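First the structure, in the form of structure tokens, and then the observations on it.
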Amino acid sequence: MPQPLRKTDYYFNENSPAYLNSNGVRRNFANPAYPQNMQTCGQNLAYANPNTVRYPAVKERRGRLKPVPKKNVRKKENSFITLFKALFKLTFIACFFGAFVYYILPYNYSNYFEPMILNRFLNRNINFNAKEYAAPSASYLANSNFMGEKLIVPVRHNKAQMVPLAPASRFYALEDKLTMLSVKYPQIEPAIYVWDYSKSRSVEINSNEIYSSASIIKLPVLVELLRYSQSLKKAGHKPIDFNKKLLFDEIYRTSGSGSLQYERAGNSYSINHLASIMIQSSDNSATNMLLEQIGGMEGLNSAIRKWGLKSTQISNWLPDLKGTNTISAKDMATLLYNIDNPKFLNNDSKYLIQQYMSNVHNNTLIHAGLPKEAEFLHKTGDIGTMLGDAGIVYAPNGRKYIVVILTKRKFNDYSARDFIQQASKIIYQSVIENADTY
């Protein structure tokens with residue numbers, strides 16, 4: 001029967017050779033990995049022969065040991081604090097979302113989404129023409145043609161076909177009177193040009209400023225119609241027969257002034273009749289019919305450049321209610337002055353102009369400020385924002401002068417009519433009755 005180990009046998013001194021193995025590591029006599037070398041008794045003690053039991057060497061651990069992470073223990077919060085935090089988060093999210101919808105979304109929609117995405121989708125069938133974008137007026141404003149393309153080139157004429165106005169002096173006394181009159185009408189912006197034939201003196205108030213032409217643009221249409229007939233005759237062709245009839249079609253029918261718009265399509269009217277109602281009753285439909293005979297807007301603009309007028313241009317067919325067609329007071333005075341120029345208009349053309357312009361139906365502007373014995377050849381213009389009159393006054397004593405009065409006004413402001421009447425009266429008194437006053 002084996003004897004139990006003594007206390008001195010089991011508990012070796014840690015410095016004794018029996019306690020250490022061959023590698024110098026302390027032995028573990030009670031290691032359960034070797035049950036064959038261990039025996040138990042009723043007292044639950046381990047029995048082993050320290051001289052026969054061999055224990056494996058304990059391997060040394062290399063490197064640093066990883067610390068054991070501490071468990072995060074959440075402290076229990078008060079339910080009121082938890083509810084407050086949740087409400088604060090919801091309020092912050094709602095405010096941020098509201099600010100995003102109110103400030104950022106509309107800006108991004110109008111500046112990025114709509115032009116970059118939505119418009120491209122909605123306008124995907126539109127073909128972009130870069131030429132029309134770069135030169136929007138090229139389709140109707142041109143004076144040359146190259147390989148089917150309309151172009152604007154410098155006019156090659158070194159000398160203008162019209163004789164320019166060259167005043168010897170300025171009528172400053174009359175200018176001061178008209179300026180004082182305009183002070184009484186602060187809502188009116190006038191442009192005035194007066195040419196006194198007898199003394200070659202002029203009155204100029206905003207005379208080079210560009211104004212809407214309204215129906216005064218019909219005067220260049222008439223002049224070019226007559227000059228076109230002259231050019232045909234000069235080139236050896238048959239001139240325009242003013243008794244020739246033109247067919248009135250629906251494409252010429254337009255609103256505004258004139259009675260031709262109420263006539264039945266298919267009727268024919270002579271050129272003489274169309275020119276007469278264009279000037280006398282300011283018929284817009286008749287103007288469009290005659291405008292086509294001289295090459296349309298392109299033909300008229302090309303002729304105006306050759307004449308030497310700088311501010312006159314037609315940009316739209318009649319009626320031009322938006323005022324895109326333009327003139328200046330000095331341009332119209334120059335045009336009226338060249339009616340007497342034999343190199344510009346022959347006697348037949350001059351006679352027709354006098355017949356048309358001496359019977360204008362609207363006599364409520366410059367004509368209303370003249371005495372009954374005075375004669376007046378003129379053409380009026382009237383749209384919502386512009387009212388004007390231009391013509392030649394013939395006094396009973398044989399003297400004459402050119403007068404052009406244009407006004408910018410508020411829409412249909414009839415004080416412009418009163419201004420023109422008062423200005424006409426002052427001009428007649430200064431030029432004819434008090435001719436020696438400077």
Side-chain angles (χ1 to χ4, degrees), residues 140-145 152-165 213 215-244 246 270-280 282-283 286-315 317-318 325-328 330-358 360 377-379 381 390-392 402 404:
Y140 58 83
L141 180 62
N143 57 8
S144 182
N145 190 297
I152 299 178
V153 298
V155 179
R156 297 181 180 179
H157 299 276
N158 296 327
K159 188 176 181 180
Q161 296 175 351
M162 285 185 175
V163 176
L165 292 169
S213 66
S215 291
I216 300 179
I217 198 66
K218 296 169 184 175
L219 185 56
V221 174
L222 175 62
V223 171
E224 176 56 21
L225 179 67
L226 296 171
R227 281 185 51 81
Y228 181 64
S229 179
Q230 292 178 187
S231 63
L232 290 176
K233 185 178 181 179
K234 187 177 181 179
H237 302 287
K238 186 178 180 181
I240 295 176
D241 183 7
F242 276 68
N243 293 321
K244 177 185 176 181
L246 302 178
S270 67
I271 296 177
N272 182 63
H273 174 72
L274 294 174
S276 176
I277 63 176
M278 176 182 68
I279 299 299
Q280 296 175 3
S282 198
D283 197 295
T287 304
N288 291 338
M289 293 180 68
L290 295 177
L291 185 59
E292 187 182 38
Q293 298 299 309
I294 59 175
M297 293 184 292
E298 178 184 349
L300 181 58
N301 285 324
S302 177
I304 290 172
R305 299 286 84 80
K306 294 177 182 178
W307 297 348
L309 302 182
K310 299 179 180 180
S311 302
T312 302
Q313 177 176 302
I314 182 169
S315 304
W317 294 79
L318 278 295
N325 302 331
T326 59
I327 59 173
S328 69
K330 190 171 183 178
D331 274 5
M332 290 301 99
T334 304
L335 178 61
L336 293 170
Y337 179 77
N338 280 270
I339 292 176
D340 293 325
N341 182 6
K343 295 182 179 180
F344 187 72
L345 291 173
N346 58 26
N347 291 331
D348 294 337
S349 299
K350 179 180 177 181
Y351 173 77
L352 288 175
I353 289 178
Q354 290 175 345
Q355 292 297 315
Y356 298 144
M357 296 180 64
S358 61
V360 174
L377 308 180
H378 66 119
K379 181 69 190 81
I392 306 174
I402 296 173
V404 180

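Just so it is clear, the values below take in all heavy atoms, side chains as well, and ignore hydrogens, waters and symmetry mates. Note that this is a predicted model, so its numbers are computed, not measured.
Residue Met297 holds its CE atom at 6.0 Å from CH2 of Trp317, rounded to the nearest 0.5 Å. Within the model, atoms CG of Asn325 and CG of Leu318 stand 6.5 Å from one another, a figure rounded to the nearest 0.5 Å. Considering CD1 of Ile279 and CG of Leu222, their distance stands at 4.5 Å, rounded to 0.5 Å. Atom CG of residue Leu335 and atom CZ of residue Phe344 lie 6.0 Å apart, to the nearest 0.5 angstrom. To the nearest 0.5 Å, atoms NZ (Lys218) and CE (Met278) are separated by 8.0 Å. Here CG of Asp241 is found 9.5 Å from OG of Ser270. Values are rounded to the nearest 0.5 Å.
Between Lys310 and Asp331, the shortest heavy-atom contact is N-OD2, 3.4 Å. A pairwise comparison of heavy atoms in Leu377 and Ser358 identifies CD2-CB, 3.2 Å as the closest pair. The two atoms that bring Leu246 and Met289 nearest to each other are CB-CE, 3.9 Å, heavy atoms only. For the pair Pro220 and Leu300, the tightest heavy-atom approach, listed with the atom from each and the gap, is O-CD1, 3.8 Å. Counting all heavy atoms, side chain and backbone alike, Leu345 lies closest to Ile339 at CD1-CA, 4.0 Å. Of all heavy-atom pairs between Ser311 and Thr326, the closest is O-OG1, 3.1 Å.
Proximity of Gln313 to Ile304: side-chain heavy atoms (C-beta onward) are nowhere separated by under 4.5 Å. Side-chain contact between Leu291 and Ile314: present, with at least one pair of heavy atoms (C-beta onward) separated by less than 4.5 Å. In this structure the side chain of Tyr337 reaches within 4.5 angstrom of the side chain of Val163, judged on heavy atoms. With a 4.5 Å cut-off on side-chain heavy atoms, Glu224 and Trp307 count as touching. Side-chain contact between Ile327 and Leu309 is absent, with no heavy atoms from C-beta onward closer than 4.5 Å.
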- Message: Working note: Ile240 + Gln293, criterion side-chain contact (heavy atoms from CB on, under 4.5 Å); need CA distance, chi angles, decisive distance, verdict.
- Response: CA-CA 10 Å; Ile240 295 176; Gln293 298 299 309; 5.7 Å; no
- List the steps and the verdict of side-chain contact (heavy atoms from CB on, under 4.5 Å) for Tyr356 and Asn272. CA-CA 10 Å; Tyr356 298 144; Asn272 182 63; 2.7 Å; yes
- Task: For the pair Leu219 and Leu336, evaluate side-chain contact (heavy atoms from CB on, under 4.5 Å) and give the outcome as yes or no after the intermediate values.
- Result: CA-CA 9 Å; Leu219 185 56; Leu336 293 170; 3.8 Å; yes
- Task: Would you check, one step at a time, whether the test side-chain contact (heavy atoms from CB on, under 4.5 Å) holds for Leu225 with Ile271?
- Result: CA-CA 10 Å; Leu225 179 67; Ile271 296 177; 4.0 Å; yes
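The backbone N or O of Leu274 sits nowhere less than 3.5 Å from a side-chain atom of Asp283 that would complete a donor-acceptor pair. A donor-acceptor distance shorter than 3.5 angstrom exists from the side chain of Thr334 to the backbone of Lys330, with no hydrogens or angles considered.
A donor and an acceptor atom, one from each side chain of Ser282 and Lys379, are located under 3.5 Å apart. Between the side chains of Gln280 and Ser276, a donor-acceptor pair is found at a separation under 3.5 Å. Side chains of Asn346 and Ser349: a donor on one and an acceptor on the other come within 3.5 Å.
Around OH of Tyr228, the count of heavy atoms belonging to other residues, nucleotides or ligands within 6.0 Å does not exceed 12.
Here Asp340 pairs with Lys350, Lys400 under the salt bridge (Lys or Arg N to Asp or Glu O under 4.0 Å) rule; sequence neighbours left out.
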